[in-house]
**Q** 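Quick one: structure below, then a few questions.
Residue indices begin at 1 and follow the sequence shown. Every number for a ligand or one of its atoms is a count from 1 in the order of the listing.
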Amino acid sequence: MRIAIIGAGAMGGLLGFYLADQVDLILVDPWMEHVDAINRTGLICEHDGSIEVRTPRAVTDPALAAPADLALVLVKAAQTPWAARACQAVLAADGIAYTLQNGLGHREILAELLGERRTGQGVTALGATLLGPGHIRHAGMGPTLLGADPDPGRAALLCDLLNRGGLPASVSHSIESLVWGKLLVNVGINALTALLRLPNGAVATNPTVRALAAAAVTEAATIAQAHGVQLPYHDAVAHMVAVAEATATNRSSMLQDLLRGAPTEIAAINGAIVREGALLELPTPINTTLSRLIEALETTTDQRI
Ligand code: NAD
């Protein structure tokens, strides 16, 4: 059994680190310096004050990782079309790609090239940070859930490998609910913390920020309901605030992306709510405004005063 990780940044690197000793594993990443560092000195992972090195093989050319039985897609949203082409090059004829990315729309992009029956979806509550080429930090532990669709057997096998590597993972029969459940948290926290340059905790403690985040989440919860999605909690705003409190000192991924001038995942998060709203003919003024503000920030970096 061979697994290829497509996008071996913070999260792809983390999963690769824990799977490296369990299975024939190859990391596929377009960042040459990162790939060279992994092949030269190994993948370094910091966790709770300890440092460990493992030595998965890494390549920049997806064709060199073929034929893989499973591909785990962990690029940022803007790179998903590249990841779909990489999966096509990497996977065996019956190979399956699983996306564990945040937001909506990734599975559909993969399915356009690979077909519905060769794409699956999951969510992870793990946290990871990329510290530099070949160097990651395991920042948070939490379960990884893989959708039973399209191949429950292979999803179970992957969960077993993750468990043996030390990461909690299980197969879920309600993955759409979990994907939307995580999406709504990101809808509330990511764009606002990025726009305001605040740690996550401010979403819970500052009344104005909290009210804005609650409005964005309420709007998204209406869209989820109209879409027929049953969220994995009763009160979407309370859940989002609880996550902001539990991760109070964290910088959201969108804030980190903006600070380093990288494209954000806004189109897959608040932008996805706007797109779904348009399809359902429901208004999404808050998420539209948040999306446009982030897009404006992304495209004016060199004009900033
Ligand atoms: P990441 O930015 O660490 O890596 C994504 C890609 O960007 C990789 O191909 C990486 O090599 C490349 N990259 C990163 N820094 C670079 C640099 N300086 N120069 C050139 N290339 C660079 O992204 P991530 O945090 O691993 O996120 C991947 C997906 O997983 C996203 O959809 C994210 O939302 C999701 N996710 C992340 C976490 C987390 O804690 N990191 C948790 C859950 C879900």
Side-chain angles (χ1 to χ4, degrees), residues 4-18 26-39 43 45-47 56 58-62 65 71-87 90 97-107 109-110 121-146 162 167 169 178-179 181-183 185-187 189-191 193-194 200 243 246-247 250-272:
I5 296 198
I6 311 298
M11 187 50 67
L14 186 74
L15 291 177
F17 181 84
Y18 285 99
I26 305 187
L27 305 175
V28 182
D29 197 282
W31 186 14
M32 178 73 86
E33 202 187 343
H34 184 48
V35 164
D36 282 348
I38 294 168
N39 288 328
L43 179 59
C45 182
E46 295 188 12
H47 185 34
V59 296
T60 53
D61 179 357
L72 298 184
V73 174
L74 282 150
V75 293
K76 282 279 171 86
Q79 300 167 297
T80 308
W82 173 82
R85 294 192 296 279
C87 286
V90 156
Y98 265 92
T99 166
L100 288 162
Q101 299 158 278
N102 279 329
L104 297 186
H106 309 298
R107 184 182 182 178
I109 293 173
L110 298 178
Q121 194 168 19
V123 286
T124 183
L126 289 165
T129 312
L130 188 62
L131 300 175
H135 194 170
I136 57 170
R137 175 182 294 130
H138 180 174
M141 193 57 121
T144 298
L145 283 310
L146 290 171
L162 289 166
L167 299 178
L178 299 176
V179 168
K182 190 166 188 207
L183 173 71
V185 171
N186 288 328
V187 158
I189 295 176
N190 270 16
T193 52
N200 289 1
V243 173
T247 59
N250 287 12
R251 289 179 179 192
S252 72
S253 59
M254 201 170 287
L255 174 56
Q256 290 181 45
D257 287 339
L258 272 184
L259 290 175
R260 69 182 172 101
T264 71
E265 296 192 294
I266 190 73
I269 299 176
N270 304 77

**Q** Pick one of side chain, backbone, both or neither for how His106 approaches ligand 1, counting any non-hydrogen atom pair under 4.0 Å.
**A**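 Contact part for His106 vs ligand 1: neither.
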
**Q** Could you tell me the residue and atom name of the protein heavy atom closest to atom 14 (C) of ligand 1, and the distance to it rounded to 0.1 Å?
**A**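 Ranked first by proximity to atom 14 (C) of ligand 1 is Leu130 CD2, 3.4 Å.
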
**Q** Do ligand 1 and Arg260 have nitrogen or oxygen atoms that lie under 3.5 Å from each other?
**A** yes

**Q** To check your reading of the model: name the closest protein heavy atom to atom 29 (C) of ligand 1, its residue, and the distance in Å.
**A** Val75 O, 3.5 Å

**Q** Looking at OG1 of Thr60 and CE of Met32, how far apart are the two atoms once the value is rounded to the nearest 0.5 Å?
**A**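 If we round to the nearest 0.5 Å, Thr60:OG1 and Met32:CE are 4.5 Å apart.
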
**Q** Taking all heavy atoms of Leu100 and all of Leu145, pick out the closest pair and write down the distance.
**A** CD2-O, 4.4 Å

**Q** Tell me which protein heavy atom sits closest to atom 43 (C) of ligand 1, plus the residue, atom name and distance to 0.1 Å.
**A** Lys182 NZ, 3.2 Å

**Q** Once you round to the nearest 0.5 Å, how far does CG of Asn102 lie from OG of Ser253?
**A** 6.5 Å

**Q** Give the residue and atom name of whichever protein heavy atom lies nearest to atom 19 (N) of ligand 1, and the separation in Å to one decimal.
**A**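 Its nearest protein heavy-atom neighbour is Trp31 CE2, 3.4 Å.
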
**Q** State if Ala128 counts as touching ligand 1 under the rule of any non-hydrogen atom under 4.0 Å.
**A** yes

**Q** Is there a donor-acceptor pair under 3.5 Å between the side chain of Asp29 and the backbone N or O of Ala8?
**A** yes

**Q** Could you identify the single nearest non-hydrogen protein atom to atom 4 (O) of ligand 1 and state the distance to 0.1 Å?
**A** Gly9 CA, 3.4 Å

**Q** Looking at ligand 1, does Gly127 have a heavy atom less than 4.0 Å from it?
**A** yes

**Q** Between the candidates Gln79, Lys76, His138, which shows the shortest non-hydrogen contact distance to atom 12 (C) of ligand 1?
**A**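 The option holding the nearest heavy atom is Gln79.
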
**Q** Cut-off 3.5 Å, no hydrogens considered: what does the side-chain donor-acceptor table look like for residues 254-267, sequence neighbours left out?
**A**
| from | atom 1 | to | atom 2 | distance (Å) |
| --- | --- | --- | --- | --- |
| Gln256 | NE2 | Arg251 | O | 2.9 |
| Asp257 | OD1 | Lys76 | NZ | 2.9 |
| Asp257 | OD1 | Arg260 | NH2 | 3.4 |
| Asp257 | OD2 | Lys76 | NZ | 3.0 |
| Thr264 | OG1 | Ile266 | N | 3.2 |
| Thr264 | OG1 | Glu298 | OE2 | 2.7 |
| Glu265 | OE2 | Ala77 | N | 2.9 |

**Q** How long is the gap from CZ on Phe17 to CG on Leu27, to the nearest 0.5 Å?
**A**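 Interatomic distance, Phe17 CZ to Leu27 CG, rounded to 0.5 Å: 11.5 Å.
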
**Q** If we ignore hydrogens and angles and just use 3.5 Å, is the side chain of Asn186 paired with the main-chain N or O of Ile269 as donor and acceptor?
**A**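 Not confirmed, Asn186 side chain does not pair with Ile269 backbone.
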
**Q** Just to be sure I read this right, does ligand 1 sit under 4.0 Å from the backbone of Asp257, its side chain, both, or neither, counting only heavy atoms?
**A**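 For Asp257, no heavy atom sits under 4.0 Å from ligand 1.
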
**Q** CD of Gln101 to CD1 of Ile109: how many Å apart, nearest 0.5 Å?
**A** 8.0 Å

**Q** As an exercise, state the distance from CD1 of Ile26 to CD1 of Ile5, rounded to the nearest 0.5 Å.
**A** 11.0 Å

**Q** Among all the protein's non-hydrogen atoms, which is closest to atom 1 (P) of ligand 1, and how far away is it?
**A**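 Residue, atom and distance for the closest contact: Ala10 N, 4.0 Å.
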
**Q** Which atom pairs, one a donor and one an acceptor, fall under 3.5 Å between side chains of residues 126-138 and the rest of the protein, sequence neighbours left out?
**A**
| from | atom 1 | to | atom 2 | distance (Å) |
| --- | --- | --- | --- | --- |
| His135 | NE2 | Glu46 | OE2 | 2.8 |
| His138 | ND1 | Tyr18 | OH | 2.7 |
| His138 | NE2 | Gly140 | O | 3.1 |

**Q** Closest by any non-hydrogen atom to atom 31 (C) of ligand 1: pick that one out of Glu265, Met32, Met11.
**A**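 Checking each option, the heavy atom nearest atom 31 (C) of ligand 1 is found in Glu265.
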
**Q** Taking distance alone, with no angle check, do Gln101 and ligand 1 share an N/O pair under 3.5 Å?
**A**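 No, since none of the N or O atoms of Gln101 sits under 3.5 Å from an N or O of ligand 1.
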
**Q** I'd like to know if the side chain of Asn250 reaches the main chain of Ser252, judged simply by a donor and an acceptor atom lying under 3.5 Å from each other, with no hydrogens or angles considered.
**A** no

**Q** Look only at interatomic distance and state if Gly7 has a nitrogen or oxygen under 3.5 Å from any nitrogen or oxygen of ligand 1.
**A**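 By distance alone, the answer is no.
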
**Q** With a heavy-atom distance limit of 4.0 Å, tell me whether Glu33 approaches ligand 1 through its side chain, its backbone, both, or neither.
**A** neither

**Q** Heavy atoms only, cut-off 4.0 Å: how does Thr129 contact ligand 1, side chain, backbone, both, or neither?
**A** neither

**Q** Tell me, do Val243 and Ile189 make a side-chain contact under 4.5 Å, heavy atoms counted?
**A** yes

**Q** Between Asn102 and ligand 1, which part of the residue brings a heavy atom under 4.0 Å of the ligand: side chain, backbone, both or neither?
**A** both

**Q** Which of the atoms of ligand 1 are close to Leu126, meaning less than 4.0 Å from one of its heavy atoms?
**A**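 Listed by number with element: 40 (O), 42 (C).
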
**Q** For ligand 1, does Arg137 get within less than 4.0 Å through its side chain, its backbone, both, or neither, judged by non-hydrogen atoms?
**A** neither

**Q** For Leu74, which part has a heavy atom under 4.0 Å from ligand 1: side chain, backbone, both, or neither?
**A**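 It is both parts that get close, each with some atom under 4.0 Å.
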
**Q** Do me a favour and list the nearest non-hydrogen protein atom to atom 8 (C) of ligand 1 with residue, atom name and distance?
**A** Asp29 OD2, 3.2 Å

**Q** Output, in order, the C-alpha distance, side-chain angles, deciding distance and verdict of side-chain contact (heavy atoms from CB on, under 4.5 Å) for Leu14 and Leu167.
**A** CA-CA 10 Å; Leu14 186 74; Leu167 299 178; 5.5 Å; no

